[in-house]
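The block underneath contains the structure these notes are about, expressed in structure tokens.
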Amino acid sequence: MRKDPFFLYCMGLKRGLPAARLRQRMDASAMDRANLTFLQQAKVPLAPLS
């Protein structure tokens, strides 16, 4: 996958990463999405901080 231009483009990467680092990025991305989904389903009012 490190040299697959389509995969790199889809992941927003400029170059291939070692498997461990890619796994960390994917885990972080999944956690961000899970948090956002939870907040949306819980209908938590969000507002910017001043």
Side-chain angles (χ1 to χ4, degrees):
M1 297 306 233
R2 285 186 197 177
K3 295 181 181 181
D4 182 350
F6 181 72
F7 177 77
L8 296 174
Y9 174 77
C10 289
M11 294 298 294
L13 301 172
K14 294 181 182 183
R15 60 182 173 82
L17 298 174
R21 179 163 288 164
L22 184 58
R23 192 171 19 260
Q24 288 173 339
R25 284 194 178 190
M26 292 175 82
D27 287 345
S29 177
M31 184 59 90
D32 290 346
R33 261 185 265 128
N35 288 336
L36 180 59
T37 300
F38 170 75
L39 293 172
Q40 288 173 336
Q41 290 178 351
K43 296 184 175 144
V44 175
L46 300 176
L49 297 174
S50 57

State, without any angle test, whether Ser29 and Arg33 hold a side-chain donor-acceptor pair at a distance under 3.5 Å.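 Per modelled atom types, Ser29 and Arg33 side chains form a pair under 3.5 Å.
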Spacing of [X] atom [atom1] and [Y] atom [atom2] [to the nearest 0.5 Å]:
| X | Y | atom1 | atom2 | value |
| --- | --- | --- | --- | --- |
| Leu36 | Gln41 | CG | CD | 10.0 Å |
| Met26 | Leu17 | CE | CG | 11.0 Å |
| Arg15 | Leu8 | CZ | CG | 10.5 Å |

Please give me the minimum heavy-atom distance between Leu13 and Leu22, naming the atom from each residue.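 Shortest heavy-atom contact: CD1-CD1, 4.1 Å.
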